[in-house]
Amino acid sequence: LVQQYLAECDLFYQLSPVSLLQACKNKQEQFGMREAHRIDGLAMVRFLTWVHVNWQGQTELTLTQKLLEFRQQSEHFQASSFKTICGYSDHGAIVHYSASEESAYEISNQSCLLLDSGGQYFFGTTDITRVLHFGQPTEEERWHYTLVLKGHVALSMRRFSRGTCGEHLDLYARQPLLDVGLDYGHGTGHGVGSYLSVHEGPQRISPVESGVELRVGMVLSNEPGVYLTGKFGIRIENCFMVQSSGLVEGEECYHFETLTMVPYARYLIDVSLLTDVERVWLNGYHDTVYETYQGELSTSEKQWLFQATRPL
């Protein structure tokens with residue numbers, strides 16, 4: 001009877017107002033998201049210090065477990081926000097790769113390692129991807145990494161006017177890759193919940209039309225990438241939050257507040273490909289990362305972070 005009744009009705013599809021209330025974090029939720037990313041970033045910095053010394057003999061699965069252990073050192077950590085993607089070499093070119101006992105590679109110093117992970121905390125949710133290399137990166141690896149980084153930085157720096165949707169900004173992240181005939185087959189960014197789903201709508205950054213304007217308090221990921229089948233994958237991901245930049249010629253404008261505080265792989269960056277503006281942004285970001293954590297680290301961790309955040 002219900003199906004018969006519905007078949008005779010005119011159905012209207014409209015975005016629930018609850019979705020936008022959830023997506024636009026209030027002041028307390030914004031504070032919580034910053035704190036979650038600060039705590040999560042500290043775990044990542046400690047893990048990165050450890051792994052650059054202890055990578056030999058590790059596998060994709062043992063590194064996944066070790067990263068979890070670093071996150072678990074915080075009393076606020078509840079669980080991983082999704083199943084960690086730890087892909088070495090050509091496994092990194094599989095966008096949603098999942099390591100198993102049968103498939104897990106042993107780590108070496110001959111290729112890139114892509115690590116996409118996140119944590120759930122009572123006051124926020126995190127999602128971060130970094131690419132590592134434990135040997136001497138090839139020019140090909142550095143070239144691709146830097147192109148992805150340029151798109152990532154371009155989106156991070158973007159200011160935009162009221163009414164802008166994610167689809168209006170997506171090209172900024174893709175342009176450096178498109179300029180050389182490359183692209184990635186996934187969206188640039190998804191909404192992130194506050195101790196909720198790590199993929200939260202309705203906002204997103206993608207070529208696909210959403211019709212959802214970006215509003216203050218929305219949290220999204222910024223994750224361009226490039227995937228070379230049979231070789232390696234590159235993805236660089238931070239989370240950022242929409243904030244007001246005030247009025248410009250009478251119109252309210254917005255910018256992204258970067259939440260993720262973890263250094264990029266300095267040794268994978270080809271500085272010759274960067275503009276002065278990109279270098280200034282990256283150096284400023286790394287300065288902030290160092291100042292955020294230097295008082296909470298052991299001597300060896302502080303030394304590693306100091307080297308990882310040196311000016312380009």
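These figures come from a predicted structure and were not determined experimentally.
- Nearest heavy-atom pair, Gln203 versus Ala23, reported as atom, atom and distance to 0.1 Å: OE1-CB, 3.4 Å.
- Salt-bridge formation is not detected for the pair Glu141/Lys231: no Lys NZ or Arg NE/NH1/NH2 atom is positioned less than 4.0 Å from an Asp or Glu carboxylate oxygen.
- No side-chain donor-acceptor contact under 3.5 Å links Thr146 to the backbone of Leu273.
- Salt-bridge formation is detected for the pair Arg38/Glu296: a Lys NZ or Arg NE/NH1/NH2 atom is positioned less than 4.0 Å from an Asp or Glu carboxylate oxygen.
- Between Tyr285 and Tyr264, the distance separating the two ring centers is shorter than 6.0 angstrom.
- Asn222 places a side-chain N or O within 3.5 Å of a backbone atom of His152 that can act as its donor or acceptor partner.
- Glu291 places no side-chain N or O within 3.5 Å of a backbone atom of Thr288 that could act as its donor or acceptor partner.
- Cation-pi geometry between Arg158 and Tyr172 is met: the NZ or CZ atom falls under 6.0 Å from the ring centre, inside 45° of the normal.
- Ring-centre distance between Phe122 and His76: not below the 6.0 Å cut-off.
- Contact record, Tyr88 with Ser111: OH-N, 3.0 Å, taken as the closest heavy-atom pair.
- Aromatic ring centres of His133 and Tyr267: separated by at least 6.0 Å.
- Under a 4.0 Å N-O distance rule, the pair Arg162/Glu251 does not qualify as a salt bridge.
- Looking at Arg266, its side chain never comes within 3.5 Å of a backbone N or O of Ala308 through a donor-acceptor pair.
- Ser81 places a side-chain N or O within donor-acceptor distance of the main-chain N or O of Thr126, the cut-off being under 3.5 Å.
- When all heavy atoms are compared, the tightest approach of Val289 to Val262 is CG2-N, 3.9 Å.
- Side chain of Thr84 to backbone of Ser117: no donor-acceptor contact under 3.5 angstrom is found.
- Relative to the six-membered ring of Tyr184, Arg174 meets both conditions, a distance below 6.0 Å and an angle of at most 45° to the axis.
- Classification of Glu257 and Arg34 as a salt-bridged pair holds, one side-chain N sitting under 4.0 Å from a carboxylate O.
- In this structure a side-chain-to-backbone donor-acceptor pair under 3.5 Å is present from Tyr145 to Ala265.
- Checked by atom type and distance alone, the side chain of Ser210 pairs as donor or acceptor with a backbone atom of Val212 at under 3.5 Å.
- Separating the CG atom in Leu63 from the CG atom in Asn54 is a distance of 10.0 Å, to the nearest 0.5 Å.
- Between the CG atom in Leu149 and the CZ atom in Arg142 there is a gap of 12.0 Å [rounded to 0.5 Å].
- Centroid-to-centroid, the aromatic rings of Phe306 and His286 stay 6.0 Å apart or farther.
- Note: Asp183 CG to Leu178 CG = 5.0 Å, rounded to the nearest 0.5 Å.
- Between the CG atom of Leu220 and the CD1 atom of Ile205 there is a distance of 5.0 Å, given to the nearest 0.5 Å.
- For NZ of Lys83, the number of neighbouring non-hydrogen atoms (other residues, nucleotides, ligands) closer than 6.0 Å is 12 at most.
- For His199, the ring-ring contact (aromatic ring centres under 6.0 Å, His included) criterion is met by His190, not counting sequence neighbours.
- A donor-acceptor pair is defined here as one N or O able to donate and one able to accept, closer than 3.5 Å; such a pair exists between the side chain of Asn283 and the backbone of Arg279.
- At a threshold of 4.0 Å, the pair Arg204-Glu209 does not count as salt-bridged, since none of the basic side-chain nitrogens sits closer than that to a carboxylate oxygen.
- Aromatic ring centroids of Phe256 and Phe160 lie under 6.0 Å apart.
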